Every structure is written in C-alpha cells, then in structure tokens.
Amino acid sequence: MGLLAHIGELRRRLLICVGVFLVLFIGGFWAAPPVIGGLEQSGEALGMSLHVFRVTDALSIMVQSAFWLAMILIFPLVLFQIWQFVKPGLHESERRATLLYIPATLMLFLIGATFAYAIVFPTVLRFMFGLSADLGLAPVIGIREYFDFMMRLVVPFGILFELPLLIMLLTKLGIVTPVLLRKIRKYAYFALLVSAGFIAPPDAFSLLIVTFPLILLYEIGIGISSLSQPKRQAVRYME
C-alpha cells in the first residue's frame, strides 16, 4: 500500500470516529439529564444543595456531560480503528495480542475513574469542607464548580490508571525493562508528583491522596514489566 493509500485509509478511519462522536454527542444531550440527576443524588452530592450562579451554568453542565459521555463511549471504537489501521503491518500473533489491549484499556480507565469518584473525590471534598467548618464558613456550592472539580479528578485518574498497561506494551516492544524502571524510580516518582499537582487541589493532604495511588500504579507496572519481559531479553539483562 502506497503513501497516498495510507493517508486515505487514515482519513477514512478519522471520519468514522468523528461521525460517530457527533452522533454520540448529540445523543448525550438526551442522556445527560438522568446522568446529572443520578450524580446529584449519590455520593457527596446527596443532601448537598447545589446552586446555579450564572445563566449559562445549566447549559454548560449539559454540554460537558454530553461531551464526556460521547468520549467514553467512543473510546473503544477509536482504539479499534487504530488497531485496524496498523493491523496489516502486524503478524497474526501480534494482531491477537494487541486486540486484547482494547478491552483492557477501557476496563482500566473505568476502574481509575470509579476509584477517583468513590474514594479520592469524596475524601478531598470532605477535607475541604472540614477546613471551611473550622473557619466557621458555610460552603455554598455551584453546580458547575462541583462538576468541574469532580471531572478534574475523575478523568485524569482514569487516564493515569492506564500506566501499567502502557508499561506492559513498552516492555513487550523492548523500549523499557524492569531494570530500567527501577533505576529511574525516583525520577518517575517526581514526575508522578508533578502530575498529581495538576490534578489535586493546592494543599499537601490532597496532593498525597492523589500521588500515593499513582506511585502504587508505577510499582504494579514494574511487576507487570517483569512478567511481560521477553525471556531472551530477560536472560540478556541477567547476564
């Protein structure tokens, strides 16, 4: 297949993804109200009075919800289209192995997002409300601020939970090894700490709550790398 054919194939698959995303995004406006209502009646929002401070807040939440619903639903399709694009250059065994990464990637994202929503988000929220109570302040929470804060934690955690899978892939490709991962551990910890700083609120407690799971994921990734390392490569490094 020539260069122009490759570009045409890539364009076709991009158009498929964009078209399906637009359909899901439009459909998300119908799905958004029950999803928002469910989130308002669960977790830390239960019993909390959420307010609208701007005329556009309700529309903003609808658009944001529809967007993230479409992104989550289209995620497997995007991965499948990427796999279809690179499939001709893979051996049969590589095709089967890489195809398994698609459900694994989605599963890890959902696990990470659920962990953030069920544990990290309420822990950080309770800590923040505790500070307000210590100062004698009664928090008045805007619904847009509440959902923005929630998505700021949930989505990055879902993405960062892909770290062990990424390490496994890089190990199978021979780009990283368990020895290298252990050698750069302190630099990796620092990078994860910086990443947590972009996710967590600006206080030490929240930073630790976010950083600790990321470090744990890195250590799990080292273990997975040891199991995923090709035998020949492992023997070479032992020698």
Side-chain angles (χ1 to χ4, degrees), residues 39 42-45 68 71-72 75-76 78-79 97-98 100-132 134 145-231 233-234 236-238:
L39 292 174
S42 64
E44 293 302 304
W68 285 115
M71 287 292 289
I72 292 171
F75 190 50
V78 172
L79 293 178
T98 51
L100 294 175
Y101 279 86
I102 296 176
T105 301
L106 179 61
M107 182 182 69
L108 285 175
F109 177 85
L110 293 176
I111 290 173
T114 302
F115 174 81
Y117 177 73
I119 297 176
V120 179
F121 177 59
T123 301
V124 172
L125 211 58
R126 282 194 292 267
F127 176 74
M128 292 298 177
F129 287 165
L131 291 179
S132 298
D134 291 340
E145 181 183 10
Y146 179 85
F147 278 95
D148 283 347
F149 184 66
M150 179 179 68
M151 298 307 294
R152 180 183 164 187
L153 286 174
V154 169
V155 174
F157 251 92
I159 295 172
L160 289 169
F161 260 62
E162 309 288 347
L163 183 60
L165 194 64
L166 176 62
I167 290 176
M168 178 192 291
L169 177 61
L170 294 178
T171 301
K172 286 184 176 294
L173 293 175
I175 298 174
V176 301
T177 65
V179 174
L180 175 63
L181 293 172
R182 293 188 185 98
K183 187 179 295 184
I184 64 171
R185 179 183 272 128
K186 60 182 178 181
Y187 303 108
Y189 281 10
F190 178 74
L192 292 174
L193 182 65
V194 172
S195 300
F198 286 102
I199 301 172
D203 65 89
F205 176 78
S206 300
L207 187 62
L208 289 175
I209 289 294
V210 173
T211 304
F212 179 73
L214 300 183
I215 291 175
L216 183 61
L217 284 172
Y218 184 79
E219 294 299 326
I220 292 173
I222 293 177
I224 291 176
S225 178
S226 300
L227 296 174
S228 305
Q229 190 177 23
K231 291 183 179 179
Q233 191 181 53
R236 187 170 70 249
Y237 275 95
M238 286 176 66

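None of the values given here were measured: they were computed from a predicted structure.
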Original post:
Under 4.5 Å between any side-chain heavy atoms of T123 and R126, yes or no?
Top reply: yes
Subject >> Worked verdict on R185 versus I222 for side-chain contact (heavy atoms from CB on, under 4.5 Å) >> reply: CA-CA 10 Å; R185 179 183 272 128; I222 293 177; 3.6 Å; yes
Subject >> salt bridge (Lys or Arg N to Asp or Glu O under 4.0 Å) contacts touching residues 102-123 (sequence neighbours left out) >> reply: none
Subject >> Side-chain donor or acceptor of Y218 paired with backbone N/O of L181 under 3.5 Å >> reply: yes
**OP:** Give, for atom CD1 of I224 and atom CG of L166, the distance between the pair rounded to the nearest 0.5 Å.
**Re:** 11.0 Å
Subject >> Spatial distance of atom CG (L207) from atom CZ (F212) [nearest 0.5 Å] >> reply: 14.0 Å
**OP:** Report, as yes or no, whether the 6.0 Å neighbourhood of atom CZ on F127 holds more than 12 heavy atoms from other residues, nucleotides or ligands.
**Re:** yes
For a quick test of your reading: what N or O donor-acceptor pairs under 3.5 Å do the side chains of residues 105-115 make, sequence neighbours left out?
from: T105; atom 1: OG1; to: Y101; atom 2: O; distance (Å): 2.5
from: T114; atom 1: OG1; to: L110; atom 2: O; distance (Å): 2.7

Subject >> Any pair counted as side chain to side chain donor-acceptor pair (under 3.5 Å), so long as it reaches residues 188-197, sequence neighbours left out >> reply: Y189-E219
Subject >> Step-by-step side-chain contact (heavy atoms from CB on, under 4.5 Å) determination, W68 to V154 >> reply: CA-CA 11 Å; W68 285 115; V154 169; over 6 Å; no
Original post:
About how many Å separate CG of L217 and CG of L192, when rounded to the nearest 0.5 Å?
Top reply: 8.5 Å
Original post:
Could you give the distance from CG (L170) to CG (L165), rounded to the nearest 0.5 Å?
Top reply: 10.0 Å
Original post:
If every non-hydrogen atom of M151 is compared with every non-hydrogen atom of P156, which pair is closest and at what distance?
Top reply: O-CD, 3.4 Å
Subject >> Distance in Å, L193 CG paired with I215 CD1, rounded so as to fall on 0.5 Å steps >> reply: 7.5 Å
Subject >> Worked verdict on R182 versus S226 for side-chain contact (heavy atoms from CB on, under 4.5 Å) >> reply: CA-CA 11 Å; R182 293 188 185 98; S226 300; 3.4 Å; yes
**OP:** Check T211 against A196 and note the closest heavy-atom contact, atom names and distance.
**Re:** OG1-CB, 3.2 Å
Original post:
What is the minimum heavy-atom distance between L163 and L214, and which atoms define it?
Top reply: CD2-O, 4.4 Å
Original post:
Going through the distances and angles, do V210 and V120 end up as a side-chain contact (heavy atoms from CB on, under 4.5 Å)?
Top reply: CA-CA 7 Å; V210 173; V120 179; 4.1 Å; yes
Original post:
To the nearest 0.5 Å, how far apart are CD1 in I199 and CD1 in I209?
Top reply: 13.5 Å
**OP:** Look at the aromatic rings of F121 and Y146 and report parallel, tilted or perpendicular, splitting at 30° and 60°.
**Re:** perpendicular
